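Heads up: the structure comes next, in structure tokens.
Just the heavy atoms: all of them, side chains too, but no hydrogens, waters or symmetry mates, feed the values below. Chain letters run A, B, ... following the sequence lines, proteins first and then strands; every chain starts at 1. Since the model is a prediction, treat every value here as computed from it, not as a measurement.
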2 protein chains.
Amino acid sequence: MSQRRRPTIHEVAKVAGVSISSVSRALNGNTSNADMVARVNAAVREVGYVPSVVAQSLKTRHTGQIAFAMEDIGNAAYLEMVRRIQPTLRDEGYRLLLHSTGADVEDELGVLASLSQNYVDGLILCPLRVTDRHVEALRQTAVPVVVIGLLPDDVPVDNVRADSRVGAQLAVQHLAEAGARRIAFIDGPLDTVPGRARYDGYRMGLAAAGRETDDALIRFTDFRFDAGRQTARELLTEHPDVDAVFGANDLIAMGALHALRELGRDVPGDVRVVGMDDTPLAATSFPPLSSVSLGSADRGRIAAELLLRRLDGDDAPPERVTVPPSLTVRESSR
Amino acid sequence: MSQRRRPTIHEVAKVAGVSISSVSRALNGNTSNADMVARVNAAVREVGYVPSVVAQSLKTRHTGQIAFAMEDIGNAAYLEMVRRIQPTLRDEGYRLLLHSTGADVEDELGVLASLSQNYVDGLILCPLRVTDRHVEALRQTAVPVVVIGLLPDDVPVDNVRADSRVGAQLAVQHLAEAGARRIAFIDGPLDTVPGRARYDGYRMGLAAAGRETDDALIRFTDFRFDAGRQTARELLTEHPDVDAVFGANDLIAMGALHALRELGRDVPGDVRVVGMDDTPLAATSFPPLSSVSLGSADRGRIAAELLLRRLDGDDAPPERVTVPPSLTVRESSR
DNA sequence: TTGAAAGCGATACCAA
DNA sequence: TTGGTATCGCTTTCAA
């Protein structure tokens with residue numbers, strides 16, 4: 001914690017016996033002869049000069065920083081994203097700022113508004129939901145924004161999305177092809193975006209497999225482990241003929257796995273189980289859980305790349321990229 | 001993406017018909033009469049003025065930003081930390097920057113060196129290991145640093161640490177008290193800091209319980225699921241009389257759980273199992289895994305608080321805080 | 001190619 | 001209390 005003032009470009013100039021403009025030029029690789037560069041570099045080393053990024057930012061009007069805002073970094077999907085976003089940005093010289101907004105829409109709008117402070121060059125945003133105020137804010141942001149998630153078509157912002165509807169369809173078709181005849185579905189709340197999409201996908205999957213939908217085999221609960229366990233227990237007690245369960249996320253599916261074990265049903269022998277999100281839980285559960293990946297890592301990477309292109313001056317029309325889901329089959333449905 | 005230039009303090013001053021100094025004062029709550037404040041606020045709203053944090057930083061010499069650097073945010077312990085660090089800092093008006101260094105010591109030193117650029121006011125660092133070069137860098141950082149992890153006594157830096165030695169002891173004593181007679185231990189590499197500490201703790205725990213150490217029941221492998229599974233399988237095949245397994249982290253313990261199931265041994269009936277780190281895996285495993293928490297969330301919070309105190313001007317001698325471990329008993333050892 | 005000087009957008013000192 | 005002005009540390013235009 002030595003608090004000696006850091007040397008500025010003026011000290012370097014004095015030591016090198018040149019002007020500060022020459023120092024700046026030499027350091028930034030602009031026209032200057034080899035001799036000049038050598039003298040400046042020597043002086044830089046001598047005084048231990050490191051440029052102030054703050055002063056540079058003020059002058060150049062960019063900060064070298066990008067923000068990533070989402071509900072909670074503890075959520076496995078967002079975690080996967082940030083793990084890919086960070087190296088992608090760092091390779092291009094950007095630092096990453098993290099905003100966990102919690103389940104607070106106001107906070108989310110606050111992040112959007114704060115962009116006017118110009119502390120970052122761009123933002124990657126995963127909105128909880130997109131309100132009119134979001135749309136309005138997104139139309140006039142101070143810096144480029146990329147949204148990961150659903151976005152109305154008329155919002156002129158780069159957009160990366162998953163397809164959990166097709167993902168759910170994938171899961172159901174897989175279960176049907178594996179020979180399951182009574183495929184139950186434990187969904188999250190139907191009035192949420194993912195809950196609705198997965199519900200639609202489930203029905204589409206059944207239809208594609210030439211099966212009837214039996215509403216008695218569909219349940220709605222929260223996207224949590226305990227909720228999944230409880231709901232699965234009830235469902236399987238009422239309908240012992242169920243031979244497959246599709247959980248709308250891995251936590252629900254894990255809950256189902258526990259319930260089945262408690263009911264003495266063999267997985268996958270008696271009942272097959274598939275989850276969604278392909279979190280780290282899936283690989284270490286017993287039996288290992290088949291799960292549909294929604295490509296969080298890819299979505300993060302693509303969002304970062306889109307943003308970098310914008311910062312590079314690309315002013316093409318906003319892009320919309322949909323990342324396809326993929327199913328990883330493990331023992332729970334084999 | 002409207003690219004109209006953002007208004008500056010000069011526009012506000014002009015609209016309000018006052019000087020820029022008065023605008024600054026009114027906005028920062030410094031001596032100015034009510035009338036002045038009202039006029040300025042009106043003008044601010046009229047032109048949509050938002051101060052530039054970059055310009056403010058240049059002048060005030062602080063950025064309102066703090067960095068958190070660790071190996072990989074995907075690691076459950078670091079994730080827990082960041083989840084507490086972020087809100088703690090945000091409540092005090094600081095933004096959080098994330099540096100994932102990967103397993104690269106050079107990168108870690110690079111972060112330390114980059115502090116001279118003054119893009120943050122402070123750093124929370126979780127070093128992989130502390131080399132001489134770390135010590136040297138830590139002695140002369142441009143901004144306050146708090147280290148989470150082991151640090152030599154003579155490094156004048158605030159330090160927060162876990163106690164996995166005592167944590168391991170806790171686990172072993174618990175298993176002994178639960179009635180286990182042959183307590184095996186699957187450790188990570190002995191030449192790592194955590195591997196060594198947990199090894200010592202295991203032996204202390206046995207000693208405290210009045211048991212002999214049997215080296216045949218100790219194995220070293222990697223801190224990974226597959227490694228734990230494989231090692232546990234070998235161990236339990238060679239020593240069928242083992243009635244408890246302590247895994248040096250949750251991944252190893254989960255592997256042991258799988259191995260036991262494959263060997264047809266009941267948990268906890270035949271063999272009790274305890275892990276360490278108390279990750280989200282523990283609660284959803286089957287049976288739910290007892291695990292020793294090393295207080296990652298608390299360590300993160302405390303580190304953030306220590307740093308905030310430094311930034312507040314506290315120049316007391318460096319502090320060293322050790323967060324005690326705690327055991328959560330679940331079905332796997334009940 | 002180099003140096004002088006203006007300016008990025010704020011804060012804070014000093015007079016009035 | 002208010003306004004003028006220097007200043008933070010850099011980049012960049014403009015002359016020389």
Could you state the atom-to-atom distance from [atom1] of [X] to [atom2] of [N] in whole Å?
| X | N | atom1 | atom2 | answer |
| --- | --- | --- | --- | --- |
| B:Ile9 | C:dG9 | CD1 | P | 11 Å |
| A:Arg39 | C:dT2 | CZ | C1' | 11 Å |
| B:His62 | D:dC8 | NE2 | P | 16 Å |
| A:Asp35 | C:dT1 | CG | C1' | 11 Å |
| A:His10 | C:dA5 | NE2 | P | 12 Å |
| B:Gln117 | D:dC10 | CD | P | 11 Å |
| B:Lys14 | C:dG9 | NZ | C1' | 15 Å |
| B:Asn28 | C:dA10 | CG | P | 11 Å |

Query raised in the report: More than 12 foreign heavy atoms under 6.0 Å from CG of B:Asp35: is that the case here?
Result: yes
Requested in this report: Decide if atom CZ of B:Arg129 counts as having more than 12 heavy atoms of other residues, nucleotides or ligands within a radius under 6.0 Å.
Outcome: no
Query raised in the report: Would you call A:Arg83 and A:Glu80 a salt bridge, using N to O less than 4.0 angstrom?
Result: yes
**Report entry** Electrostatic pair A:Arg61:A:Asp121 at N-O distance under 4.0 angstrom
**Finding:**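 No, this pair does not count.
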OP1 or OP2 of [N] versus the side-chain N and O atoms of [X]: is any pair under 4.0 Å?
| X | N | result |
| --- | --- | --- |
| A:Gln56 | D:dT11 | yes |
| B:Ser52 | C:dG9 | no |
| B:Tyr49 | C:dA10 | yes |
| A:Thr8 | D:dG9 | no |
| B:Ser24 | C:dA10 | no |
| B:Arg61 | D:dG9 | yes |

Report task. Please work out if B:Val53 contacts a base, only the sugar-phosphate, or nothing of the nucleic acid, heavy-atom cut-off 4.0 Å. Result -> nothing
Query raised in the report: How is B:Val54 classified with respect to the nucleic acid when contacts are heavy atoms under 4.0 Å: base, sugar-phosphate, or nothing?
Result: nothing
Do [X] side-chain and [N] base share a donor-acceptor contact under 3.5 Å?
| X | N | value |
| --- | --- | --- |
| B:Lys59 | D:dT7 | yes |
| A:Ser21 | C:dA4 | yes |
| B:Arg25 | D:dG3 | yes |

Query raised in the report: Is a side-chain N or O of B:Gln86 found less than 3.5 angstrom from the main chain of A:Leu98, in a donor-acceptor match?
Result: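 Yes; at least one donor-acceptor contact below 3.5 Å.
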**Report entry** Comparing A:Asn33 and A:Ile20 on DNA chain C - which has the more 5′ nearest nucleotide
**Finding:** A:Asn33
